[in-house]
Peer 1: 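Take this structure first; my questions come after.
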There are 2 protein chains.
Amino acid sequence: MIERFWRGVLILSVSEEGWKTAEDIREKIEKEFEVPVIHSSYNPKILENYWDCIDLVIFIMALEGSIRISCRFAKSKDKDPAVISIDDRSKFVIPILGGHWGSNDAAEDISRLIGSPAVITTASELQGIPSVERIASFIIAKVENPQELAKVNGAIVRGEKVCLNGIDLNLGDHFIKGDDCKYVISIGKAKGEHVIFLRPLNVAVGIGSKREVNVEGVWKELSARVKEMNIQDRVKVIGSVREEFKEIAHKLKAEFKVFSLEELKGFSSPCITPSGEKLKSLGVPGVSEAIALTLGGKSSRLILRKVKVGNYATLSFATIEGD
Amino acid sequence: MIERFWRGVLILSVSEEGWKTAEDIREKIEKEFEVPVIHSSYNPKILENYWDCIDLVIFIMALEGSIRISCRFAKSKDKDPAVISIDDRSKFVIPILGGHWGSNDAAEDISRLIGSPAVITTASELQGIPSVERIASFIIAKVENPQELAKVNGAIVRGEKVCLNGIDLNLGDHFIKGDDCKYVISIGKAKGEHVIFLRPLNVAVGIGSKREVNVEGVWKELSARVKEMNIQDRVKVIGSVREEFKEIAHKLKAEFKVFSLEELKGFSSPCITPSGEKLKSLGVPGVSEAIALTLGGKSSRLILRKVKVGNYATLSFATIEGD
């Protein structure tokens with residue numbers, strides 16, 4: 001499951017011992033899953049920013065602390081990120097929110113990485129079955145009729161068969177190809193009493209780079225990510241502060257746009273990953289995410305949080321919302 | 001720890017499987033610890049009533065459900081009851097709130113009773129160390145200067161030495177007899193920079209009984225409880241619907257008052273244990289608790305929730321607040 005957490009993992013620690021545990025977990029997740037991971041000392045402001053735009057929050061602290069903090073941010077089963085609590089000495093890996101929507105699976109992944117037991121308390125029959133919202137995020141699509149979400153998510157939780165129409169994902173026995181069910185999740189028209197319509201979204205890419213440009217290295221990483229996310233035909237625009245990446249845009253038949261650091265100064269979004277000290281001193285809130293989100297339009301959302309390419313470039317993807 | 005939970009244990013289940021698990025746990029707790037235990041299907045109204053007047057809440061359901069419900073009621077570390085979550089199949093016993101103030105110890109007690117592991121995530125050095133409020137409840141006393149609570153509880157949590165002055169409790173190495181510390185919990189005058197003053201409270205007793213009165217049986221239970229709670233000189237008034245218990249009041253040098261069921265009809269308090277069907281049909285909200293709380297005065301609080309004596313009587317204790 002963690003390999004699909006493209007919007008990233010946020011690890012929050014409080015004690016010195018917890019910091020070391022968190023760093024160990026950060027390294028292992030990054031190595032195994034290649035998803036963006038941010039580790040920070042806990043403060044409420046950070047969590048407030050990230051809660052709605054991150055896929056997994058891991059608290060490194062005693063369970064009660066994790067719960068009391070989560071209570072301040074939790075909205076509902078369908079909206080909250082997956083949340084896991086691990087104590088400072090990593091005795092237990094405990095999924096606390098989003099169990100059926102990813103945290104149980106993620107806890108088992110982490111359990112395997114660090115060798116501590118996962119404390120799974122939900123009925124195993126429903127493990128790993130994703131919500132409609134998560135299926136939409138897997139294929140990078142927008143839910144066109146959210147008013148049907150509760151009904152179809154309800155059917156999923158009850159273990160009823162749900163059809164996937166025009167969606168090429170293998171999500172286990174609960175989901176059937178086609179549209180011959182009472183509940184359907186569909187790209188395009190479909191039979192079925194309750195149909196969720198998903199609209200695949202186009203994608204904007206932002207590339208950050210040091211002065212010494214390595215086009216080949218960035219292309220390798222970018223094309224691998226595009227393939228993994230199955231959006232080969234959907235990258236419509238690429239932006240960078242370096243002209244040299246124009247040839248990557250050509251290869252993907254996408255537009256290309258050059259940005260100056262000056263243009264990025266004004267950018268702000270609560271969701272973006274904190275930038276390094278150097279950019280901060282220039283008043284620039286990060287490069288690749290700021291570019292991807294600017295190209296994506298006003299309602300654009302990050303779908304691949306900033307990842308590093310070697311030590312010379314960064315890469316981010318955002319949706320194009322057409323506004 | 002559970003043996004001191006005189007205000008009772010509330011078990012809340014949601015599923016059929018959970019109901020059976022809960023009944024099993026209820027029986028084992030009642031047998032081992034002789035504390036009042038209430039088991040009910042979860043509904044928010046019940047929890048709202050009990051949250052502030054019960055010592056331990058046990059949720060029988062998946063952890064996430066327990067957390068989302070607790071989020072709606074949790075106030076602060078010092079005010080919330082101990083809270084434990086156990087899944088329907090009792091795979092894990094997880095203290096979720098009140099870890100340092102009793103739920104860790106209680107989880108270990110239950111773990112031993114049902115043979116499932118307790119998931120303890122707090123630093124073990126602080127296990128089982130009670131808060132000032134809990135020490136006050138152990139000796140049935142009122143905190144006279146609550147403005148000092150945060151400071152002294154802080155010292156307890158930090159592991160600093162705290163003095164117990166005039167309080168005969170063995171609470172482990174962190175507490176020293178006398179008043180020669182910076183932080184003191186005291187009955188009466190004491191040195192020390194920060195002193196919490198506790199005032200031992202007098203006690204009112206309510207006795208419910210079937211028509212066939214068994215004074216000897218009630219005396220045996222009542223005197224055992226009085227001894228256990230160390231309030232031999234503090235029972236000031238006893239009430240019942242049966243005259244025959246007057247001789248028990250004499251033995252304790254307490255007043256005695258006879259109540260009619262009619263007098264109890266008007267009584268209401270959010271904290272009292274739901275009464276059986278027969279009393280409900282008469283419009284009486286319970287007998288022993290209603291009497292104890294009525295005798296205790298307006299601000300009276302239950303300190304021993306209704307316990308059964310055989311199948312013929314009930315017994316409750318409340319504080320006398322003198323208003």
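Reminder, nothing fancy here: chain letters follow the sequence lines and each chain counts from 1.
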Peer 1: Based on non-hydrogen pairs under 4.5 Å, which of A:Gly65, A:Ala74, A:Ser76, A:Ser70 is most in contact with chain B?
Peer 2: A:Ser76
Peer 1: Please say whether more than 12 non-hydrogen atoms of neighbouring residues, nucleotides or ligands are located less than 6.0 Å from CD in B:Glu16.
Peer 2: no
Peer 1: Is it the backbone or the side chain of A:Arg72 that comes under 4.5 Å from a heavy atom of chain B, or both, or neither?
Peer 2: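 No part of A:Arg72 comes within 4.5 Å of chain B.
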Peer 1: Relative to chain A, which of B:Val119, B:Ile86, B:Asp88 shows the most heavy atom pairs under 4.5 Å?
Peer 2: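 That would be B:Val119.
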Peer 1: For A:Ile94, is it the side chain, the backbone, both, or neither that has a heavy atom closer than 4.5 Å to a heavy atom of chain B?
Peer 2: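 Side chain of A:Ile94 only, per the 4.5 Å heavy-atom cut-off to chain B.
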Peer 1: Are more than 12 heavy atoms, taken from residues, nucleotides or ligands other than A:Asn43, located less than 6.0 Å from that residue's CG atom?
Peer 2: yes
Peer 1: What are the two closest non-hydrogen atoms of B:Lys91 and A:Ile120, and how far apart are they?
Peer 2: NZ-O, 3.0 Å
Peer 1: Atom NZ of residue position B:Lys161 - does it have more than 12 heavy atoms of other residues, nucleotides or ligands inside 6.0 Å?
Peer 2: yes
Peer 1: Out of curiosity, A:Met61 CE to B:Thr121 OG1, how far, rounded to the nearest 0.5 Å?
Peer 2: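 Interatomic distance, A:Met61 CE to B:Thr121 OG1, rounded to 0.5 Å: 10.5 Å.
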Peer 1: Roughly how far, to the nearest 0.5 Å, is CG of B:Leu63 from OG of A:Ser103?
Peer 2: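 Answer rounded to 0.5 Å: 9.0 Å.
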Peer 1: Would you mind telling me which of A:Ser85, A:Pro117, A:Cys71 has the largest number of heavy-atom pairs within less than 4.5 Å of chain B?
Peer 2: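 The candidate making the most pairs under 4.5 Å is A:Cys71.
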Peer 1: Can you see which heavy atom on B:Arg68 is nearest to which on A:Lys75, and at what distance?
Peer 2: NH1-C, 4.3 Å
